[in-house]
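For clarity, every value in this text was computed on a predicted model and none was experimentally measured. Lettering follows sequence order; numbering is per chain, from 1. The analysis underlying the following values was restricted to heavy atoms, covering all of them including side chains, and did not include hydrogens, waters or symmetry mates.
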Protein chains: 2
Amino acid sequence: MIRVWERRYGTVQPERSEGNQRFYSEEDVQRLALLKQATDAGHPISNITHLSVPHLRALLSPQGTSGDAPLPRVQLPAASPTRNAEQLIEAALKAVVGMDSAALEKILEEGAVTLGQNALLLQVIAPLVQRIGEEWQKGTLRIVHEHQASAVIRTFLGRAARPLAMHASAPVLVAATPAGQLHEIGAALVAAAASNQGWRVVYLGPSLPAEEIASAARQNGARVVALSIVHPADDPNLPDELRRLRQLLPDSVTVVAGGRSAEGYRDALFETRANLCGSLADFSSALDLLRQGVN
Amino acid sequence: MIRVWERRYGTVQPERSEGNQRFYSEEDVQRLALLKQATDAGHPISNITHLSVPHLRALLSPQGTSGDAPLPRVQLPAASPTRNAEQLIEAALKAVVGMDSAALEKILEEGAVTLGQNALLLQVIAPLVQRIGEEWQKGTLRIVHEHQASAVIRTFLGRAARPLAMHASAPVLVAATPAGQLHEIGAALVAAAASNQGWRVVYLGPSLPAEEIASAARQNGARVVALSIVHPADDPNLPDELRRLRQLLPDSVTVVAGGRSAEGYRDALFETRANLCGSLADFSSALDLLRQGVN
DNA sequence: CCACTGTTGTCAATCTATTGTCTAATTTTT
DNA sequence: AAAAATTAGACAATAGATTGACAACAGTGG
């Protein structure tokens, strides 16, 4: 059954061994269990294959159990030939240089439908943001392009990160950008990814002093503080900010840092015992570990 | 039944999936529910198939109780008593100090439903943003509160500003914040309001140099450039930016400026022949004038 | 009152799409 | 060598799509 789902809809894409045998991740297993429940409850598999674990929980838990009631249909009609992640990125870049925000938005939505939110974040949006950053540094793209694209992506992520029926017991993550870091897109990306993985996300936005981040973390009982460090790669104040943040946070809170320029502050990050992530995928798996209590 | 209505009268024409399955839009569903009520009440289907949702409501609501016919049911959730704008603002402020972004979002959504988008923008969000700014300056609110609230509102506005079926001939407005101005919420507010009034909005986000704004305006054939000036009220570079912007823009483009600190740059704004708006309502009516070609 | 006509809800027959299950021939692991 | 996974394809049960037919009913004209 599972293999047929994989063949027909790409429900999961497990790692393979040398001999081509499948290795399912913990998440795959969870997701498949939930999908089984959902299909047993009558949801057509084609409509829900790409939903993430929290989405599925939301679909199953709340009030749908009204008995033998007729079942809800989800999702949109699929029309055009589906594009893969790379094609979507290329199309998105074209929309960016053309300053066509409506087209960019459409592309992102298409990806959400065909790839699922999680894959969209990891395989399309994260690389796209990076590409835009690179092209901007090379001078191929103007500042406007970068800003406009950021605005569209920011909006999309805000929509993607909407908390759906969230358990009160979900672990809390605070996402922000330290003072002086003005690019918020990385933090928004992280927030969306975490939300997708079932964290309760407190999103604070860009350029917050250490005291403020710490205060938010305490007030919300956060287990993780995620920082995105992208643009000024040589801010002399940032190391102090990071150290101060560590002092203000309880020891039980883990700091995770990522972003294009995070490497540049390696020493300060080491002092704050921060988990340095090179990519969104890294971050994603780090979150999984942290949730299980492994610090 | 529905399919027969579709076949015979073209009552609805739902989208189709690849496999030729029907996908009814929300509106279709509503309309069909109302049609059912209307036919049950005795209206021949052939007479009313093409009526829109509001028409059908009008047909059903008023005094149709003339006989012993089954009575039309109203379908509002009708749970909580509707709150007016001021109550919503108060509730929103409470959510802000409690750092409860989910609650804040819910309040905004409630407002969108009960007041309508336009009134929500003018009577709730704009005053709320102002209040938050004031409380922050007074020190009643911390930076985190302001940031988190901004993030939520920003997301909400991004969603609210989605262009629905927009004519290619709609006039274009570019919304941004000049270089050095980091608070984007004012620009986002303006963008949402303009979008609601039928402008095609090119939203660029915060802190853009004059050259970039001008380039975007030219490339998109903008008729209006809207600037939001909120936080640094004493940026020595800003007047230059504004003058430069005027030089780079075609004369046919009108600049409109607003925001808490716009007054502080009155002279420079005068030189750029900018339309200074003291409130979002001002801006809104200015837009209406501009659309009719009055500069 | 009756025959005729047009409207409208319901149904059956047939076709297609979706989806769970099974088989067969290989390949990998134990 | 036995056990288990791999791929590809076939098949059956179910649900939706399409078409044509039919019955109930209201109106019309004789």
Reading nucleotides 17-25 of chain D 5' to 3', which nucleotides get B (base under 4.0 Å from a protein heavy atom), which S (sugar-phosphate only), which -? SBBBB----

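For DNA chain C, the contact window with chain A, defined by any atom under 4.0 Å from a protein heavy atom, covers dT19(C) to dT29(C) in 5' to 3' order.
In terms of heavy-atom proximity, H43(B) sits nearest to I48(B) at CB-CD1, 3.9 Å. Summarising the geometry of Q197(A) relative to R291(A), their closest heavy-atom pair is O-NH2, 2.8 Å, with the distance given to 0.1 Å. Scanning both residues, V201(B) and A194(B), for their nearest heavy atoms gives CG2-CB, 3.8 Å.
Note on E134(A) versus K138(A): no salt bridge recorded, every NZ/NE/NH1/NH2 to OD/OE distance being 4.0 Å or above.
Heavy atoms of other residues, nucleotides or ligands lying less than 6.0 angstrom from CD of Q13(A) number 12 at most.
The backbone N or O of S25(B) lies less than 3.5 Å from a partner atom in the side chain of D28(B), making a donor-acceptor pair. For R260(A) (side chain) and Q130(A) (main-chain N/O), no donor-acceptor pair under 3.5 Å exists by modelled atom type. Looking only at distances, no side-chain donor or acceptor of R8(B) sits under 3.5 Å from a matching main-chain atom of S46(B).
Both S17(A) and M1(A) lie close to DNA chain C; mapped to their nearest nucleotides by heavy-atom distance, the more 5′-ward contact belongs to M1(A).
Among the heavy atoms of the strands, none lies under 4.0 Å from F23(A).
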